[in-house]
Amino acid sequence: MKTTADIRREFLEFFAERGHTIVPSASLVPGNDPTLLFTNSGMVQFKDVFLGAEKRSYVRVADVQRCLRAGGKHNDLDQVGYTARHHTFFEMLGNWSFGDYFKKEAIEWAWELLTRVWQLPKERLLATVYHTDDESYAIWRDVVGLPEDRIIRIGDNKGAPFASDNFWQMADTGPCGPCTEIFYDHGENYAGGPPGSPDEDGDRYIEIWNNVFMQFDRAADGTLTPLPAPCVDTGMGLERIAAVLQHAHSNYEIDLFKTLIGRIAELTNTTDLDNKSLRVIADHIRASSFLIADGVLPSNEGRGYVLRRIIRRALRHGWMLGVREVFFHKLVDTLDALMGEAYPVLRTQKDFIARALLAEEERFAQTLDAGMRIFSDLAERHPETIPGVDAFRLYDTYGFPLDLTQDMARERGLQVDIDGFNVAMTQQKDTARAAGKFGGGLTMPAELVAQLSPTRFTGYDTLAGEGAQVVAILIDNKPVQSLSAGQTAVVLLDATPFYGESGGQVGDAGIIEGDGLRFDVTDTKKIAGQFHAHVGSLSQGSLKVGDRVSAFVDENRRRATILNHSATHLLHAALREVLGNHVQQKGSLVAPDRLRFDFSHFEPMTRAQIREIERRVNHEVRANHEGEVHNMGMQEALDFGAMALFGEKYGENVRVLKFGPGSIELCGGTHVGRTGDIGLFKIVSEGGVSAGVRRIEAVTGQDALDLVDDFEQRLEEVAQQLGGTPREAGDKLKSLVAQQKQLQKELDALKSKAAGNATADLGSNAVDVGGIKVVAARVEGLDAKSLRDAMDRLKSQLQNAVILLAGADGQGKLALVAGVSGDAGKSVNAGKLLGHVAGQLGGRGGGRADMAQGGADDLPNAAEVLAAVPAWVASQTGV
């Protein structure tokens with residue numbers, strides 16, 4: 001039997017023999033692409049190639065891409081584990097042609113691999129084509145030899161042009177084209193008809209391979225224009241083809257899932273291996289582990305929120321299996337044994353992954369308790385039906401599945417508003433789909449991207465450029481030919497010294513000048529990772545496409561920025577040395593005035609660790625290492641020891657920056673020539689950002705010197721106040737604190753004595769109300785603690801009593817305490833008494849039946865309110 005590992009290897013070997021370059025899987029987090037939550041298909045890492053914004057050295061490529069569909073357009077999370085083929089995480093086998101081979105080769109090779117290499121029965125295979133794609137139909141019939149009754153034309157859904165399962169498009173506009181899909185017939189034992197038939201949704205005929213032929217550019221009005229270089233984009237789900245080759249009908253019956261499910265059964269003491277919860281957990285450990293390996297951590301927003309939902313869904317299913325202890329993180333070792341060789345990122349990060357999962361398991365245990373309490377409150381407030389919106393809140397925020405909420409409601413004789421729950425669920429999915437669409441930010445029309453060459457960046461060597469040509473002007477992402485004074489726009493030059501924001505480094509500012517014109521650049525962005533877009537406004541003259549101009553970067557801003565960028569590299573290396581190799585960058589900001597660095601770590605840094613980080617970075621600064629720049633291939637760079645950063649997209653050839661022996665990173669940013677240029681590095685703050693992510697903010701150069709100078713001035717001021725020198729300030733302060741503690745003790749003793757004296761006087765003046773001693777008095781100079789001490793003494797002295805004391809602070813406020821003792825507690829509630837008094841004085845408070853406290857305003861009628869307390873007590877006792 002072929003294992004999933006065999007199938008991965010044989011697929012890549014097959015296409016390597018046919019001239020394809022084999023590339024590794026991209027991250028689940030799309031590099032520099034804010035339009036997608038996750039890499040949800042094999043084409044994502046080649047998107048810019050299809051758009052014409054990126055050129056590769058090869059025209060044929062194959063890969064095995066890890067994908068995730070749990071948010072945005074593709075979100076079937078709730079079906080995962082309950083059907084044979086739904087997954088959050090899956091692997092996509094793909095081969096690609098960028099203007100090289102086309103339909104004939106793609107179809108022939110697919111058939112050859114399936115029927116000759118993997119020896120699938122030809123009679124079990126059939127193909128679909130777009131209804132107007134006669135070329136593909138003819139290849140299947142005349143070249144492959146597939147009978148016509150097993151070649152099915154698929155038309156448009158409901159007559160809408162190109163709205164077909166066999167017509168693929170990247171977005172509403174742009175590259176698109178027909179596709180041909182290959183289906184496997186599982187046989188008559190399974191219900192369902194062939195594709196295109198009324199019962200096509202059955203489980204008999206399963207799609208295993210899709211060949212997309214991108215041959216058109218679709219305009220906004222729906223017009224299709226032939227692309228000058230048609231491309232091929234194919235995708236075959238590894239889990240699906242493994243099920244076929246291993247003679248299984250469900251993906252969860254393949255070797256990989258069998259091993260995972262067996263381990264889960266051991267951890268959960270489950271003997272029924274067909275239990276759907278085992279499938280859910282098996283799927284979710286893959287998705288969770290690979291997301292964490294690719295830099296995502298659980299949080300309450302964005303990608304981290306999707307990860308948290310996946311983890312908690314797995315934990316809920318563990319709970320449904322009776323598990324009350326942590327278990328999920330223990331699956332990481334099994335997953336590594338199955339997939340670590342194919343995906344080294346999993347193997348190198350497995351310890352960190354397990355720790356991150358354990359932390360989320362422990363956190364969810366607390367959340368589960370909170371959710372139970374909220375459900376109890378809902379049940380009390382809604383004695384018949386739990387509102388759907390509240391049931392959804394339990395599901396979405398606290399991880400309660402609907403069936404769990406229904407079970408708990410049933411135990412109390414309650415119903416759950418299922419329709420309301422479904423409405424809330426639909427609203428959330430609609431929001432997620434909207435967030436998952438392509439679009440947003442600075443963009444360029446596809447035809448303009450195809451026309452222009454990538455911007456030539458000269459800013460590594462100079463901060464000024466003369467003779468640059470204006471190649472495009474954009475207003476609201478639409479190209480215009482000219483610009484007048486006062487207009488805001490985006491200007492693209494053929495060459496520029498302006499750095500475009502990326503890798504955490506902010507974009508440059510400055511000016512673009514020409515004959516009588518001045519364009520003030522406030523920021524520089526990157527479009528499609530290739531074009532430096534100068535954002536700003538024309539302050540004088542006019543500017544048009546084709547003009548020759550000069551570009552001048554704001555030198556002070558750039559020089560301050562590069563100090564912080566180079567220091568960020570040294571900081572990253574120092575963190576890994578001091579805290580461990582689990583430290584990974586989770587985001588950064590490199591600005592002129594500061595640097596901010598987010599990194600993976602599960603606990604606050606100690607003061608000693610922070611000092612050691614500063615010491616190490618400044619040691620590397622003083623070492624004055626040269627900033628070595630190496631341009632090399634990606635694999636060569638990794639072999640060189642370079643570290644690739646989270647969320648960044650790298651091409652085939654990369655720029656490696658090396659500072660001394662400890663800092664080697666892939667980086668396209670601008671940097672100092674030698675580390676000594678940084679001058680001084682000083683950490684300003686360290687704190688938490690989210691679970692498992694810490695943040696350091698720091699300054700360098702003159703900003704660091706200014707910070708130290710500010711500290712010195714503050715220390716001198718403190719020393720003067722303490723009556724000593726800065727060196728003596730610490731000892732002086734310790735002495736002062738000791739004196740303060742002694743004075744506080746003496747003050748507390750005096751207050752206690754004053755409270756005792758007040759108690760004696762107040763007790764002798766208590767009012768008798770039906771046998772209950774009532775004290776309601778104003779006392780001066782006692783804080784809340786002293787008031788409570790006085791009340792306790794009075795309760796002990798009077799035994800059967802109701803007491804209300806108001807302590808005046810002389811600033812217009814009253815501290816209120818109320819107490820009830822003895823039999824008085826049968827008819828008088830301290831909390832109600834305090835609420836009654838505080839309410840009349842514009843205050844509030846509360847507490848237990850025997851003791852309550854609060855505050856109020858010291859109003860003119862305070863004496864009258866206190867004097868009326870005996871009458872209120874009488875009303876409560878019926879006297």
Side-chain angles (χ1 to χ4, degrees), residues 8-9 12-13 15-17 19-32 39 42 44-49 53-66 94-96 98 293-295 340-349 454 456-457 459-461 499 502-505 526 529-530 565-566 568-570 572-573 576-577 581 583-585 588 620 625-675:
R8 281 194 209 98
R9 176 179 50 79
L12 295 176
E13 288 175 350
F15 283 100
E17 291 170 358
H20 290 67
T21 298
I22 306 303
V23 299
S25 169
S27 166
L28 287 175
V29 179
N32 295 336
T39 297
V44 170
Q45 71 163 308
F46 305 113
K47 181 177 146 185
D48 286 341
V49 180
E54 181 182 350
K55 304 295 183 185
R56 298 283 178 100
S57 62
Y58 45 75
V59 292
R60 297 182 180 187
V61 62
D63 70 347
V64 181
Q65 174 64 51
R66 54 188 185 269
N95 60 287
W96 320 80
F98 307 131
D294 283 336
E341 184 175 352
Y343 298 101
V345 66
L346 179 67
R347 180 148 294 171
T348 58
Q349 293 292 314
R456 183 167 54 87
F457 177 58
Y460 291 132
D461 305 312
Y499 182 81
S502 60
Q505 180 175 333
K526 276 190 177 180
Q530 302 287 311
H565 200 164
S566 298
T568 299
H569 284 224
L570 300 182
H572 193 184
R576 290 174 64 85
E577 291 170 2
N581 288 334
V583 169
Q584 284 188 319
Q585 178 177 324
S588 72
E620 297 304 305
H625 298 297
E626 179 185 358
E628 300 177 26
V629 177
H630 303 271
N631 292 291
M632 58 183 73
M634 182 65 182
Q635 189 57 50
E636 183 184 0
L638 296 176
D639 295 341
F640 186 62
M643 189 186 312
L645 301 183
F646 162 71
E648 289 299 306
K649 180 179 179 181
Y650 301 103
E652 297 174 78
N653 296 303
V654 294
R655 187 171 185 264
V656 179
L657 183 69
K658 183 175 186 291
F659 286 124
S663 175
I664 309 174
E665 293 188 13
L666 304 180
C667 184
T670 56
H671 288 274
V672 297
R674 307 193 73 91
T675 57

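In this text the structure is predicted, and so the values were computed from the model without any measurement.
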- Query: Is a side-chain donor-acceptor pair under 3.5 Å present for Gln45 with Thr39?
  - Reply: no

Let's go through Leu346 and Arg66 carefully: what are the C-alpha distance in whole Å and the side-chain angles of both, what is the deciding distance for side chain to side chain contact (heavy atoms under 4.5 Å, CB included) to 0.1 Å, and is it a yes or a no? CA-CA 12 Å; Leu346 179 67; Arg66 54 188 185 269; over 6 Å; no

Heavy atoms of Gln530 and Pro454 approach each other most closely as OE1-CG, 3.3 Å

- Query: Going through the distances and angles, do Phe457 and Lys526 end up as a side chain to side chain contact (heavy atoms under 4.5 Å, CB included)?
  - Reply: CA-CA 11 Å; Phe457 177 58; Lys526 276 190 177 180; over 6 Å; no

Separation between CD (Glu13) and NE2 (His20), nearest 0.5 Å, reads 14.5 Å

Notebook entry, point to check: Do Val629 and Leu657 pass the side chain to side chain contact (heavy atoms under 4.5 Å, CB included) test, and can you show the C-alpha distance, the side-chain angles, and the key distance before you say yes or no?
Noted result: CA-CA 5 Å; Val629 177; Leu657 183 69; 3.9 Å; yes

Heavy-atom closest pair (Thr675 atom, Glu620 atom, distance to 0.1 Å) is OG1-O, 2.8 Å

> Mind checking whether Trp96 and Phe46 have parallel, tilted or perpendicular rings, split at 30° and 60°?
Replying inline: tilted

On a heavy-atom basis, the closest approach of Ser25 and Gln65 is OG-NE2, 3.2 Å

*Is there a donor-acceptor contact under 3.5 Å from the side chain of Gln584 to the main chain of Gly295?*
no

Are the side chains of Ser588 and His565 in contact, using a 4.5 Å heavy-atom criterion? no

All heavy atoms of Arg8 vs all of Ala342, minimum pair found to be NH1-CB, 3.8 Å

CZ of Phe15 to CG of Asp63, rounded to nearest 0.5 Å, is 11.0 Å

Tightest non-hydrogen contact, residues Asp294 and Leu28, listed as OD2-N, 2.8 Å

Check whether more than 12 heavy atoms from other residues, nucleotides or ligands sit under 6.0 Å from atom CZ of Arg456, and answer yes or no. no

How about Glu341: does its CD atom have over 12 heavy atoms from other parts shown lying under 6.0 Å from it?
no

Residues passing the ring pair (Phe, Tyr, Trp, His ring centres under 6.0 Å) test with Tyr343, sequence neighbours excluded, are Phe290

Rounding to 0.5 Å, atoms CG (Asn581) and CZ (Arg576) come to a distance of 4.5 Å

Residues passing the side chain to side chain contact (heavy atoms under 4.5 Å, CB included) test with Ser663, sequence neighbours excluded, are His569, Leu570, Ala573, Phe659

Distance col, row Arg56:CZ vs Thr21:OG1, nearest 0.5 angstrom, shows 10.5 Å

For Gly633 and Val654 the tightest heavy-atom approach is O-CG2, 4.0 Å

Run Asn631 and Arg655 through side chain to side chain contact (heavy atoms under 4.5 Å, CB included) and show every step you take.
CA-CA 5 Å; Asn631 292 291; Arg655 187 171 185 264; 3.8 Å; yes

Can Ser566 and His671 be counted as having a side-chain donor-acceptor contact under 3.5 angstrom? yes

